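This one's a predicted model, so the numbers in the text were calculated from it and none came from an experiment. We name chains A, B, ... by the order of the sequence lines, and we start the count at 1 in each one.
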2 protein chains.
Amino acid sequence: MSDPRSARKPTLEDVAEAAGVSRATVSRVINGVRNVDPKLHAIVWQAVDATGYVPNRAARSLVTRRSGTVALVVSDAVSHDDDPFMRRFFADPFFGRIVGGVMSVLRPKGIQLALQIVGTDEARTRLVGDLGQGQADGAVVLSLHPDDTLPQQLYEGGIAAALVGRPAQPVPISYVDLANDAGGVLAAEHLIGRGCSRLGMITGPAHVPASQDRLTGFRQALARHGHAWFPTVEGGFTYESGETAMLELLERQPELDGVFVANDVMAQAAVMALRGRELRVPDDVAVVGFDDSSAALDARPQLTTVRHPLEDMAAEAARLVLSRIDDPSLRVESVIFDPKLVVRQSA
Amino acid sequence: MSDPRSARKPTLEDVAEAAGVSRATVSRVINGVRNVDPKLHAIVWQAVDATGYVPNRAARSLVTRRSGTVALVVSDAVSHDDDPFMRRFFADPFFGRIVGGVMSVLRPKGIQLALQIVGTDEARTRLVGDLGQGQADGAVVLSLHPDDTLPQQLYEGGIAAALVGRPAQPVPISYVDLANDAGGVLAAEHLIGRGCSRLGMITGPAHVPASQDRLTGFRQALARHGHAWFPTVEGGFTYESGETAMLELLERQPELDGVFVANDVMAQAAVMALRGRELRVPDDVAVVGFDDSSAALDARPQLTTVRHPLEDMAAEAARLVLSRIDDPSLRVESVIFDPKLVVRQSA
DNA sequence: TTGTAAGCGTTATCAC
DNA sequence: GTGATAACGCTTACAA
């Protein structure tokens with residue numbers, strides 16, 4: 001074959017000719033439509049092979065009105081291109097784990113994943129238009145901002161979509177989420193179970209619903225055990241903030257013997273801060289993290305933590321989108337995952 | 001608007017009617033072709049607005065033979081769906097940083113990013129076919145395995161592509177890479193400059209070209225300064241392996257006063273291991289990492305490290321692909337980035 | 001069971 | 001400068 005770029009790519013017509021049948025028959029064979037003579041079946045596939053035919057997606061979706069693509073949309077408040085937040089976001093395992101989860105269900109079905117980042121209202125509106133036009137058949141959505149309007153717009157646009165994480169505002173769109181409060185309960189029970197009595201918590205940012213829920217669950221479980229009050233310090237899910245928060249918590253409650261930290265990265269930092277204060281983990285202070293990320297494994301001692309099954313959740317979100325594409329009349333659905341406690345060495 | 005899903009989407013024809021012009025004129029206006037009466041220009045855009053028209057990508061690319069999509073291909077040796085390696089890969093910031101870099105150049109141009117994972121030879125062959133057919137106009141490729149055949153296949157298929165990282169086998173395809181050896185030199189000079197004389201290195205996996213280059217650079221620089229030999233231990237780029245390697249290195253050279261570690265994660269582990277041995281960093285042993293990842297910032301003391309500008313490199317790879325799409329006759333090009341030393345506290 | 005032919009929504013080549 | 005009109009490659013009634 002000469003220059004493959006200039007060479008005209010074989011079409012259905014070419015295959016048909018090579019097989020001595022009509023274009024329609026070839027199409028049927030390729031798409032696995034029944035009512036085709038088994039003999040032709042073989043002949044056609046042979047011709048496909050001989051010609052090196054590959055279906056043209058554009059032509060196909062033009063008529064089927066299906067793109068065979070699902071979009072993974074990251075919707076953020078403000079993100080010009082070199083937005084430091086987005087830089088951090090992409091570098092965070094959170095993003096990759098979701099991609100991996102979504103891929104695990106899309107790939108076997110031969111469905112494409114198209115990545116979309118929308119930071120402005122204009123971009124959001126355009127996205128909904130593009131999706132409505134069929135650029136993708138549906139979307140798995142990561143809505144990063146509490147008052148993001150995208151979920152509502154997707155609903156109004158009639159787009160098949162599923163959110164990863166409960167929407168801050170109630171919207172008739174399917175979503176998957178983690179029972180974050182149950183995670184808080186798990187942490188509390190474990191800490192109390194091992195005899196801790198002077199507890200504290202390093203929370204995530206107050207405006208993040210998941211943070212709130214973790215705190216709520218932790219608080220309620222402690223209350224059930226008679227701990228009406230405990231000190232909390234708000235962190236920002238970063239290592240730095242975890243370190244600072246731990247130190248502040250220690251100041252507020254020097255007798256501390258157990259901490260629940262809203263994510264592993266901060267927990268890892270907390271452990272280091274405690275060691276810096278000559279406090280042994282878990283003997284003097286027990287630490288429970290959240291996520292079961294690599295930070296939990298990389299901490300010394302390794303972190304006892306609450307497992308956040310992000311990959312599974314993202315995969316389920318993809319499944320929700322797919323089933324809704326198949327049958328748009330399906331009712332809105334939410335799937336809540338239960339967190340599990342992973343006991344290691346820090347508590 | 002009734003049910004947006006069933007509603008027929010407006011086409012060029014509808015806009016044309018609303019504007020009182022022909023389909024062709026509307027097309028011209030939308031695509032910014034000159035030779036259009038400025039008055040009509042305004043009228044048409046108004047009609048577009050009024051009708052809520054959004055161009056149909058499939059129809060457009062059917063005729064233009066352009067998909068407006070670039071693929072980000074991850075080519076791995078063996079990856080069935082729940083392959084633990086891929087799980088780790090996606091959770092690693094490496095992946096996300098590349099996505100971010102690629103997106104930063106694609107997004108402003110309105111080009112889609114389609115993610116593709118190919119783990120088997122069959123998948124690779126199909127991918128090349130799909131790309132040849134125009135599923136995407138080009139590809140940014142992450143080839144994870146030393147004897148990956150994909151680069152060669154892409155070349156033979158005449159696909160516009162650029163690799164992130166030098167291909168293990170020489171192939172006439174553009175790529176971007178980091179001068180890893182120069183990074184090794186930087187580390188050596190710095191360590192020697194601060195007076196270290198009993199040095200060692202924790203390398204990456206031997207089969208990874210980048211690992212080799214970092215070692216080579218480090219070795220050559222040391223040789224220039226009269227250090228003919230130094231102990232090395234091979235790690236696997238993981239925290240765990242960094243910890244083990246550090247301990248072994250210490251056993252081989254108890255007098256160690258400086259280490260170069262091939263990535264930050266292992267360096268972070270090394271620092272912890274040293275502290276566990278009651279050795280102060282950097283006073284007793286200086287540590288230089290590689291990557292300037294979040295692990296460098298999260299380590300205590302924070303890591304002096306060699307910056308790996310992954311985002312910039314990925315962005316450049318995207319640019320190479322784009323220019324090659326524009327002009328397929330462009331010659332193969334490689335862009336090598338220079339690493340920089342980031343001095344913090346560990347050395 | 002197979003073939004014929006009518007679109008799908010654009011862009012691009014012509015005349016006008 | 002603008003408007004018909006012919007592709008682009010495929011799926012899918014409808015006929016045979």
Chemist: Counting Watson-Crick and G-U wobble pairs with both distances under 3.5 Å, what is the dot-bracket string for DNA chain D, 5' to 3', using [ ] for crossing pairs and | for pairs to another strand?
Modeler: ||||||||||||||||
Chemist: Who passes salt bridge (Lys or Arg N to Asp or Glu O under 4.0 Å) against A/Asp14, sequence neighbours left out?
Modeler: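 Only A/Arg8 meet the salt bridge (Lys or Arg N to Asp or Glu O under 4.0 Å) criterion with A/Asp14.
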Chemist: Just jot down the side-chain hydrogen bond (donor to acceptor under 3.5 Å, both in side chains) partners of A/Glu13, sequence neighbours excluded, or say none.
Modeler: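 Once residues adjacent in sequence are excluded, the partners of A/Glu13 under the side-chain hydrogen bond (donor to acceptor under 3.5 Å, both in side chains) criterion are A/Arg23.
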Chemist: Identify, with sequence neighbours excluded, every residue that meets side-chain hydrogen bond (donor to acceptor under 3.5 Å, both in side chains) alongside A/Ser75.
Modeler: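 Applying side-chain hydrogen bond (donor to acceptor under 3.5 Å, both in side chains) to A/Ser75 gives A/Arg124, A/Asp148.
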Chemist: Show me, pair by pair, the donor-acceptor contacts under 3.5 angstrom made by side chains of residues 162-177 of chain A, not counting sequence neighbours?
Modeler:
unit_1: A/Arg166; atom_1: NH2; unit_2: A/Asp213; atom_2: OD1; d: 3.3
unit_1: A/Arg166; atom_1: NH2; unit_2: A/Asp213; atom_2: OD2; d: 2.4
unit_1: A/Gln169; atom_1: NE2; unit_2: A/Pro146; atom_2: O; d: 3.4
unit_1: A/Ser174; atom_1: OG; unit_2: A/Glu333; atom_2: N; d: 2.9
unit_1: A/Ser174; atom_1: OG; unit_2: A/Glu333; atom_2: O; d: 3.2
unit_1: A/Asp177; atom_1: OD2; unit_2: A/Arg166; atom_2: N; d: 3.4

Chemist: Between B/Val21 and B/Arg65, name the one whose nearest nucleotide on DNA chain D is closer to the 5' end.
Modeler: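 Checking each residue's closest nucleotide, the 5'-ward one belongs to B/Val21.
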Chemist: Rounded to the nearest angstrom, tell me the gap between atom CZ in A/Arg8 and atom C1' in D/dC8.
Modeler: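 Going from A/Arg8 (CZ) to D/dC8 (C1'), I get 11 Å.
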Chemist: So, using salt bridge (Lys or Arg N to Asp or Glu O under 4.0 Å) as the criterion, who are the partners of B/Arg28 when residues are at least two apart?
Modeler: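 For B/Arg28 there are no salt bridge (Lys or Arg N to Asp or Glu O under 4.0 Å) partners, ignoring immediate neighbours.
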Chemist: For A/Val15, report the nucleic acid contact type (base, sugar-phosphate, nothing); a contact means any heavy atom under 4.0 Å.
Modeler: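 Contact class for A/Val15: none.
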Chemist: Mind checking which nucleotides bracket the chain A contacts on DNA chain C, 5' to 3', with an atom under 4.0 Å from a heavy atom?
Modeler: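 Listing 5' to 3', DNA chain C meets chain A from C/dT1 to C/dG9.
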Chemist: Of all the heavy-atom pairs spanning A/Leu330 and A/Ser323, show the shortest one and how long it is.
Modeler: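 Where A/Leu330 meets A/Ser323 most closely, the heavy atoms are CD2-O, 3.5 Å.
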Chemist: Summarise how protein sits on nucleotides 11-16 of chain D as a single string, 5' to 3': B when a protein heavy atom is under 4.0 Å from the base, S for sugar-phosphate-only contact, - for no contact.
Modeler: BBB---
Chemist: Provide the full list of salt bridge (Lys or Arg N to Asp or Glu O under 4.0 Å) pairs with a residue in residues 51-62 of chain A, sequence neighbours left out, each pair given once.
Modeler: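 For residues 51-62 of chain A, and leaving out neighbouring residues, there are no salt bridge (Lys or Arg N to Asp or Glu O under 4.0 Å) pairs at all.
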Chemist: Who passes side chain to side chain contact (heavy atoms under 4.5 Å, CB included) against B/Gln133, sequence neighbours left out?
Modeler: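 Here the qualifying residues are A/Lys9, A/Val54, A/Asn56.
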Chemist: Output all residues satisfying side-chain hydrogen bond (donor to acceptor under 3.5 Å, both in side chains) with A/Asp326, sequence neighbours left out; order by chain, then residue number.
Modeler: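 A/Asp326: no side-chain hydrogen bond (donor to acceptor under 3.5 Å, both in side chains) contacts found.
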Chemist: Find which nucleotide of DNA chain C each of A/Val36 and B/Pro10 is nearest to by heavy atoms, and output the residue with the more 5' nucleotide.
Modeler: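 First, find each residue's nearest nucleotide; the 5'-ward one identifies A/Val36.
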Chemist: Name all residues meeting the side-chain hydrogen bond (donor to acceptor under 3.5 Å, both in side chains) criterion together with B/Thr11; count only those two or more places apart in sequence or in a different chain, and write none if there are none.
Modeler: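 Per chain and number, B/Thr11 pairs via side-chain hydrogen bond (donor to acceptor under 3.5 Å, both in side chains) with no residue.
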